[in-house]
Asker: 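Next up is a structure, given as structure tokens.
Small disclaimer: the values here were computed from a predicted structure and weren't measured. Residue numbers run from 1 in the order of the sequence given.
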Amino acid sequence: MISAVNAHDQGALMECYVPGAVAVWPEMQAEGWDEIIAFQGHIVEGFPDMRVTVWDKMVCDDNVVVEGTVTGTHTGPFLLAEGEVLQATGRSVSVRCCWVFTVEHDLVVSQRGYYDQLECYSHLGLRLPAPE
């Protein structure tokens with residue numbers, strides 16, 4: 001999966017998921033191949049040179065946890081967690097992240113993605129929204 005993400009190969013990426021997979025990130029929830037591919041395409045549009053470096057992987061029964069860093073240059077639109085779209089800043093980011101997968105028969109059934117939003121926002125020249 002990480003190789004497919006780094007190659008920006010949506011076909012290979014979809015081969016890693018069951019058709020009804022669910023993926024949740026701070027920005028949105030995606031259900032099924034079409035929505036997961038659309039979200040991944042959005043990330044690549046915002047960061048065309050995006051690359052994931054894996055630090056560690058832990059497997060326990062049908063759960064897989066991957067820790068790593070995502071790097072890239074923000075040269076296109078990027079959906080922020082509060083729902084706004086940030087236009088290209090030209091800034092580089094390096095953000096710590098973690099993915100938790102539930103896997104059945106070697107395919108992803110669910111994925112939860114977490115990343116250090118403060119780190120990402122500060123690299124993009126932003127501040128996190130103030131609590132209401």
Side-chain angles (χ1 to χ4, degrees):
M1 173 182 274
I2 301 300
S3 295
V5 169
N6 284 339
H8 305 173
D9 185 339
Q10 293 183 334
L13 184 62
M14 281 303 87
E15 292 177 7
C16 300
Y17 292 89
V18 300
V22 175
V24 179
W25 299 277
E27 299 83 5
M28 67 174 291
Q29 177 173 317
E31 297 182 26
W33 285 343
D34 291 342
E35 290 182 10
I36 292 170
I37 281 295
F39 180 76
Q40 183 66 24
H42 166 74
I43 296 297
V44 171
E45 182 181 11
F47 298 87
D49 61 346
M50 179 194 75
R51 179 153 184 81
V52 176
T53 301
V54 173
W55 301 343
D56 198 7
K57 178 178 79 170
M58 295 162 273
V59 179
C60 181
D61 298 325
D62 61 351
N63 294 302
V64 178
V65 178
V66 176
E67 291 181 291
T69 304
V70 175
T71 57
T73 308
H74 180 224
T75 59
F78 176 60
L79 180 64
L80 300 172
E82 63 271 8
E84 295 180 30
V85 175
L86 177 66
Q87 296 305 317
T89 63
R91 291 174 173 248
S92 295
V93 299
S94 179
V95 180
R96 294 170 288 174
C97 52
C98 177
W99 301 277
V100 180
F101 301 97
T102 301
V103 178
E104 292 179 3
H105 307 292
D106 293 329
L107 295 174
V108 175
V109 175
S110 72
Q111 173 184 0
R112 279 112 33 230
Y114 307 94
Y115 66 92
D116 187 331
Q117 292 174 316
L118 179 59
E119 187 174 47
C120 181
Y121 277 46
S122 66
H123 288 196
L124 292 171
L126 303 174
R127 292 182 177 195
L128 285 175
E132 295 182 24

Asker: On a heavy-atom basis, which atom in Cys97 and which in Tyr115 lie closest, and how many Å separate them?
Answerer: CB-CB, 3.9 Å

Asker: Carefully, step by step, assess Tyr121 and Val95 under the rule side-chain contact (heavy atoms from CB on, under 4.5 Å).
Answerer: CA-CA 10 Å; Tyr121 277 46; Val95 180; over 6 Å; no

Asker: Taking the side chain from Asp9 and the backbone from Ala4, do they hold a donor-acceptor pair closer than 3.5 Å?
Answerer: no

Asker: Considering residues at least two apart in sequence or located in another chain, which fulfil the side chain to side chain donor-acceptor pair (under 3.5 Å) criterion with Gln117?
Answerer: none

Asker: Determine whether Val70 and Val93 make a side-chain contact, defined as any pair of heavy atoms from C-beta on separated by less than 4.5 Å.
Answerer: no

Asker: Are there over 12 heavy-atom neighbours, none belonging to Asp34, within less than 6.0 Å of that residue's CG?
Answerer: no

Asker: So, taking the atom named OG in Ser110 and the one named CD in Gln29, what distance separates them when rounded to the nearest 0.5 Å?
Answerer: 10.0 Å

Asker: Glu27 and Phe78: which non-hydrogen atoms are nearest, and at how many Å?
Answerer: OE2-CZ, 4.0 Å

Asker: Taking it one step at a time, do Tyr17 and Gln111 satisfy side-chain contact (heavy atoms from CB on, under 4.5 Å)?
Answerer: CA-CA 9 Å; Tyr17 292 89; Gln111 173 184 0; 2.4 Å; yes

Asker: Counting distance only, does the side-chain N/O of Glu84 pair as donor-acceptor with the main-chain N or O of Leu80 below 3.5 Å?
Answerer: no

Asker: Using the side-chain contact (heavy atoms from CB on, under 4.5 Å) definition, which of the options Leu107, Val103, Val108 pairs with Val18?
Answerer: Leu107

Asker: Are any side-chain N or O atoms of His74 and backbone N or O atoms of Thr89, one a donor and one an acceptor, separated by less than 3.5 Å?
Answerer: yes

Asker: Is the number of heavy atoms from other residues, nucleotides or ligands within 6.0 Å of CG (Asp56) greater than 12?
Answerer: yes

Asker: Check whether any side-chain N or O of His8 sits under 3.5 Å from a backbone N or O of Met50 as a donor-acceptor pair, and report yes or no.
Answerer: yes

Asker: Taking atom types as modelled and ignoring hydrogens, do the side chains of Glu67 and Tyr114 form a donor-acceptor contact shorter than 3.5 angstrom?
Answerer: no

Asker: Listing request: all salt bridge (Lys or Arg N to Asp or Glu O under 4.0 Å) pairs with a residue in residues 94-123, at least two apart in sequence or in separate chains.
Answerer: Arg96-Asp116, Arg96-Glu119

Asker: Ignoring hydrogens and angles, tell me if any N or O in the side chain of Asp49 forms a donor-acceptor pair with the backbone of Thr73 under 3.5 Å.
Answerer: yes

